[in-house]
Amino acid sequence: MRIPVEVLGGPTVLIEYGGLRFLTDPTFDDPGDYPAPSGRVLTKTAPPRVPLAGLGPVDVVLLSHDQHADNLDHSGRALLADVPRTFTTPAAAGRLGGRTEPLNPWQSVELPRPDGGTLTVTAAPALHGPEGSEPIVGEVTGFLLTATDLPTVYVSGDNASLDLVKEIAARYGPVDSAVLFAGAPRLPVLDNALLVLDGRGTAAAAQLLQARRVVAAHCDSWAHFTESRDDVVRAFEEAGLADVLQPA
């Protein structure tokens with residue numbers, strides 16, 4: 001069984017799982033400059049592939065974090081009010097309120113499926129930069145979708161740690177579908193260390209997870225990404241994993 005997964009632009013991905021529609025990190029604003037409270041300006045370079053008006057109903061939002069405009073923008077924040085359930089970090093849930101629900105790493109929640117069964121959403125640990133960068137970049141999370149009769153889906157969120165991917169693989173591998181955030185953004189205040197995996201790191205994560213399919217996200221539509229999807233494709237080709245990467 002192949003789980004439908006569609007990248008809508010940047011980190012925004014639509015996943016249909018167990019009869020429910022999951023949306024990651026909703027970003028539907030127009031291209032333009034988006035100042036952050038820190039004073040840093042993030043520039044969006046392309047509109048979403050599917051406009052918010054054409055999205056259709058969403059049952060669950062999987063929000064890796066709320067503190068950066070390239071993962072949750074103005075339109076995304078408005079959308080949360082219309083979505084029955086949103087799972088995110090405890091810090092983000094505290095800031096956003098409303099229907100957002102906090103999940104700590106490895107914490108799980110069961111959701112009813114339209115067919116009468118259940119599926120499980122589990123928070124996966126993530127690190128948005130090098131060790132010790134949390135006070136600067138903030139708290140982030142990934143997610144796992146599992147069910148007894150469905151293949152496992154992993155969503156990395158803005159993760160830069162292959163050590164955490166190893167931990168996730170030890171618990172849940174092999175993973176059928178891995179939605180891996182890439183783009184290799186860097187931050188001068190952190191000595192230009194990776195904030196999210198680069199292409200080679202994404203290919204390494206795929207190998208650690210023994211992923212049957214990888215969907216690359218978070219590698220387009222924003223000027224601060226230092227790598228594009230082409231870099232991810234090249235890295236998978238060099239690693240002999242070209243057949244694992246889902247076409248754009």
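Nothing fancy with the numbering, it's 1 onward along the sequence. Because the structure is predicted, anything quoted here is derived from the model rather than measured.
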- Item | Derivation and outcome, side-chain contact (heavy atoms from CB on, under 4.5 Å), residues Thr24 and Val179 | CA-CA 10 Å; Thr24 69; Val179 179; 5.6 Å; no
- Item | Atom pair CD (Glu110) and CG (Leu119), whose distance is rounded to the nearest 0.5 Å | 8.5 Å
- Message: Check whether Arg77 reaches the backbone of Asp66 with its side chain - one donor and one acceptor, N or O, closer than 3.5 Å.
- Response: yes
- Would a 4.5 Å heavy-atom cut-off, applied to side chains only, mark Thr141 and Leu103 as touching? no
- What is the minimum heavy-atom distance between Ala126 and Asn159, and which atoms define it? CA-OD1, 3.5 Å
- Query: Is the backbone N or O of Gly199 less than 3.5 Å from a side-chain atom of Glu227, with the two atoms forming a donor-acceptor pair by type?
  - Reply: yes
- Query: If we only count heavy atoms from C-beta on, is the Thr118 to Leu111 side-chain gap below 4.5 Å?
  - Reply: no
- Closest non-hydrogen atom pair, Ala182 against Val196: O-CG1, 3.5 Å
- Note on the structure: On a heavy-atom basis, the closest approach of Ala203 and Ala239 is CB-CB, 4.2 Å
- Note on the structure: When every non-hydrogen atom of Thr100 is compared with those of Gly97, the smallest separation belongs to OG1-O, 2.6 Å
- Message: Return the OG1 to CZ distance between Thr12 and Phe28, rounded to the nearest 0.5 Å.
- Response: 5.5 Å
- Below 4.5 Å, heavy atoms only, C-beta onward: do Tyr34 and Trp222 meet side chain to side chain? yes
- Message: Whether Arg85 and Asp59 form a salt bridge (side-chain N of Lys/Arg under 4.0 Å from carboxylate O of Asp/Glu) is what I want to check.
- Response: no
- Query: Can any side-chain N or O of Asp25 pair as donor or acceptor with the backbone N or O of Pro11 at less than 3.5 Å?
  - Reply: no
- Task: Please check if the side chain of Gln67 supplies one atom and the backbone of Glu139 the other of a donor-acceptor pair under 3.5 Å.
- Result: yes
- Query: Under 3.5 Å, is there a donor-acceptor pair between the side chain of Tyr17 and the main chain of Pro151?
  - Reply: yes
- If you group Ile, Leu, Val, Met, Phe, Trp and Tyr by side-chain heavy-atom gaps below 4.5 Å, do Val50 and Val61 land in one group? yes
- Message: For a quick test of reading the model, state the closest non-hydrogen atom pair linking Val214 to Ala206 and the distance between them.
- Response: CG2-CB, 3.6 Å
- Are the side chains of Pro125 and Ile168 in touch, meaning some heavy atoms are under 4.5 Å apart? yes
- Message: Using modelled atom types and a 3.5 Å cut-off, is there a donor and acceptor pairing between side-chain atoms of Asp115 and backbone atoms of Gly117?
- Response: yes
- Task: Determine, stepwise, if the pair Phe225 / His218 fulfils ring pair (Phe, Tyr, Trp, His ring centres under 6.0 Å).
- Result: CA-CA 8 Å; Phe225 296 165; His218 196 273; 4.4 Å; yes
- Query: Are Val233 and Val244 co-members of a hydrophobic cluster defined by side-chain heavy atoms under 4.5 Å apart?
  - Reply: yes
- Query: Would you say the side-chain atoms of Thr120 pair up with the backbone N or O of Val109, donor to acceptor, closer than 3.5 Å?
  - Reply: no
- Message: Apply salt bridge (Lys or Arg N to Asp or Glu O under 4.0 Å) to residues Asp30 and Lys44 and explain how you reach the verdict.
- Response: CA-CA 8 Å; Asp30 293 328; Lys44 190 173 187 180; over 6 Å; no
- Message: According to a hydrophobic-cluster definition based on side-chain heavy atoms being under 4.5 Å apart (Ile, Leu, Val, Met, Phe, Trp, Tyr only), do Val215 and Val175 belong together?
- Response: no
- Message: Rounded to the nearest 0.5 Å, what separates atom CD in Glu101 from atom CG in Leu63?
- Response: 12.5 Å
- Task: Flag the pair Asp198 and Arg200 as a salt bridge only when some basic side-chain nitrogen lies within less than 4.0 angstrom of an acidic carboxylate oxygen.
- Result: no
- Show your reasoning for whether side chain to side chain donor-acceptor pair (under 3.5 Å) applies to Asp158 and Ser64. CA-CA 7 Å; Asp158 276 15; Ser64 71; 4.7 Å; no
- Note on the structure: CG of Asp231 to CZ of Phe236, rounded to nearest 0.5 Å, is 12.5 Å
- Kindly indicate, with the supporting measurements, whether the criterion side-chain contact (heavy atoms from CB on, under 4.5 Å) is fulfilled by Arg229 and Leu245. CA-CA 11 Å; Arg229 179 182 167 82; Leu245 188 63; 4.0 Å; yes
- Query: Does a side-chain heavy-atom distance below 4.5 Å link Thr202 with Phe181?
  - Reply: no
- Item | Test log, rule side-chain contact (heavy atoms from CB on, under 4.5 Å), inputs Val5 and Val13 | CA-CA 7 Å; Val5 180; Val13 180; 3.5 Å; yes
- Got a donor-acceptor contact below 3.5 angstrom from the Arg99 side chain to the Thr86 backbone? no
- Query: Could you walk me through whether Arg49 and Asp220 pass the salt bridge (Lys or Arg N to Asp or Glu O under 4.0 Å) check?
  - Reply: CA-CA 11 Å; Arg49 297 177 189 174; Asp220 63 76; 3.8 Å; yes
- Hey, are the side chains of Leu8 and Leu23 touching, using non-hydrogen atoms and a 4.5 Å cut-off? yes
- Cluster question for you: counting only ILVMFWY and a side-chain heavy-atom cut-off of under 4.5 Å, with indirect links fine, are Leu150 and Ile15 together? yes
- Item | Tyr172 and Thr122, any side-chain heavy atoms less than 4.5 Å apart | yes
- Would Thr27 and Leu72 count as a side-chain contact (heavy atoms from CB on, under 4.5 Å) if you check the C-alpha gap in whole Å, the side-chain angles of each, and the deciding distance to 0.1 Å? CA-CA 6 Å; Thr27 53; Leu72 184 68; 5.7 Å; no
- Kindly assign one of parallel, tilted or perpendicular to the pair His65 and His128, based on the angle between their ring planes and the thresholds 30° and 60°. perpendicular
- Message: Nearest 0.5 Å, please: how far is CG in Leu62 from OG1 in Thr88?
- Response: 9.5 Å
- Item | Least distance between heavy atoms, Asp29 atom then Asp73 atom | N-OD2, 2.8 Å
- Roughly how far apart are Ser156 OG and Leu209 CG, rounded to 0.5 Å? 9.5 Å
- Task: Could you tell me whether Asp243 and Arg213 make a salt bridge, using a distance below 4.0 angstrom between a side-chain N and a carboxylate O?
- Result: no
- Check whether any side-chain N or O of Thr89 sits under 3.5 Å from a backbone N or O of Ala92 as a donor-acceptor pair, and report yes or no. yes
- Message: Do Leu96 and Val121 sit in one hydrophobic cluster, given that two such residues count as connected whenever their side-chain heavy atoms are within less than 4.5 Å of each other, even indirectly?
- Response: no
- Task: Evaluate the side-chain proximity of Leu145 to Thr152: yes if any heavy-atom separation is below 4.5 Å, no if none is.
- Result: no
- Task: Identify the residue among Asp70, Thr45, Thr43 that makes a side chain to side chain donor-acceptor pair (under 3.5 Å) with His224.
- Result: Asp70
- Message: Tell me if a side-chain donor or acceptor on Gln107 pairs with a main-chain N or O of Asn104 at a distance below 3.5 Å.
- Response: yes
